[in-house]
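Have a look at the structure below before the remarks.
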Amino acid sequence: MSRLKFEPRILELLERSPHLRQVIDPLLEVRRVLREQYQRLHKAMERMAEADDVCQLLMTAPGVGSMVALSFRAGVDEPGRFGRSRSVPAHFGLTPTRYQSGEIDQEKGISKCGDPSIRWVLVEAAGTILRLSKKSSPLREWGLEIAKRRGMTKAVVAGHGGWP
């Protein structure tokens, strides 16, 4: 059921149970207000991203919208503090952690250091590129090669490697 058909369908069902209407009507109103406020916030984020040159450049990548671009921009803040681009994924906790003991040297999962909300946004964007986007790109092809070898979940997390 689509979002546009949800409320009319609920109201139709409530015609059969008028006693529930006094409980459900306030919930529908809250839902309506939340959706309106979400749309206002989303449009404001889009305007902010469109007004920023760096965000505009980031949004040229498939799967990168205003939220991803603004989050990444805020997380990096001052790019000059990173000596090289490979330091950025470590800042967000998207590099493998190591276990070393004696002759054992294993790479484990990601370190998860840094801001978890930005890490989540970046991983979601990588998932969009690999799972939803049909547009071919070097980043997508690289991720799909990893997915063949190691599985889609690892490829999505590894997708950070192609970020600027």
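Just so it is clear, the structure is predicted and the values come from calculations on it, not from any experiment. Just so it is clear, the values below take in all heavy atoms, side chains as well, and ignore hydrogens, waters and symmetry mates. For reference, positions follow the sequence shown, starting with 1.
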Atom CZ of R31 and atom CD1 of I24: how far apart are they, to the nearest 0.5 Å? 12.0 Å
Determine, step by step, whether E46 and K43 satisfy the salt bridge (charged side-chain N to carboxylate O under 4.0 Å, His left out) criterion, reporting the C-alpha distance in whole Å, the side-chain angles of both residues, the deciding distance to 0.1 Å, and the verdict. CA-CA 5 Å; E46 285 178 340; K43 286 179 183 172; over 6 Å; no
Can you name the nearest heavy-atom pair linking A155 to G143, along with the distance? CB-O, 3.3 Å
How about M152 and L144: do any of their side-chain heavy atoms sit closer than 4.5 Å? yes
Taking a hydrophobic cluster as the set of Ile, Leu, Val, Met, Phe, Trp and Tyr residues connected by side-chain heavy atoms closer than 4.5 Å, whether directly or through intermediates, do L57 and I129 fall within one such cluster? no
Would you say H91 and R81 make side-chain contact, with heavy atoms under 4.5 Å? yes
Contact summary for L27 and V23, nearest pair of heavy atoms: CG-O, 3.7 Å
Can you check whether M48 reaches S66 side chain to side chain, under 4.5 Å on heavy atoms? no
R150 atom CZ, over 12 foreign heavy atoms within 6.0 Å: no
Decide yes or no for I118 and V76: does some side-chain heavy atom of the first lie under 4.5 Å from some side-chain heavy atom of the second? no
Between CG of D52 and CG of L70, what distance do you get to the nearest 0.5 Å? 7.0 Å
Would you check if E141 and S136 make a side-chain contact, meaning some heavy-atom pair closer than 4.5 Å? yes
More than 12 heavy atoms of other groups within 6.0 Å of M67 CE: no
Minimum heavy-atom distance R21-L11, with the two atoms named: NH2-CD2, 3.4 Å
The criterion is side chain to side chain contact (heavy atoms under 4.5 Å, CB included); which residues satisfy it with Q56, sequence neighbours excluded? D53
Between the main-chain N or O of I104 and the side-chain N or O of S101, is there a donor-acceptor pair closer than 3.5 Å? no
Please round to the nearest 0.5 Å and tell me the distance separating atom CD of Q22 and atom CG of L14. 11.0 Å
All salt bridge (Lys or Arg N to Asp or Glu O under 4.0 Å) counterparts of D115, not counting sequence neighbours: none
Salt-bridge present (E50, R47; N to O < 4.0 Å): no
Nearest 0.5 Å please: distance from the CG atom of L122 over to the CD atom of E124. 10.5 Å
Test side-chain contact (heavy atoms from CB on, under 4.5 Å) applied to V64 and F72, step by step: CA-CA 10 Å; V64 177; F72 185 78; over 6 Å; no
Counting only N and O atoms by type, is there a donor-acceptor contact under 3.5 Å from the side chain of R119 to the main-chain atoms of F92? yes
Do V68 and L58 come close enough that some side-chain heavy atom pair is under 4.5 Å? no
Spatial distance of atom CZ (R35) from atom CZ (R40) [nearest 0.5 Å]: 15.5 Å
Nearest 0.5 Å, what's the CG-CG distance between L130 and L139? 7.0 Å
Can you tell me if Q100 has over 12 outside heavy atoms packed within less than 6.0 Å of its CD? yes
For L28 and F6, the nearest pair of non-hydrogen atoms, with its separation, is CD2-CE2, 4.2 Å
For R32, salt bridge (Lys or Arg N to Asp or Glu O under 4.0 Å) partners two or more places apart: E7, E29
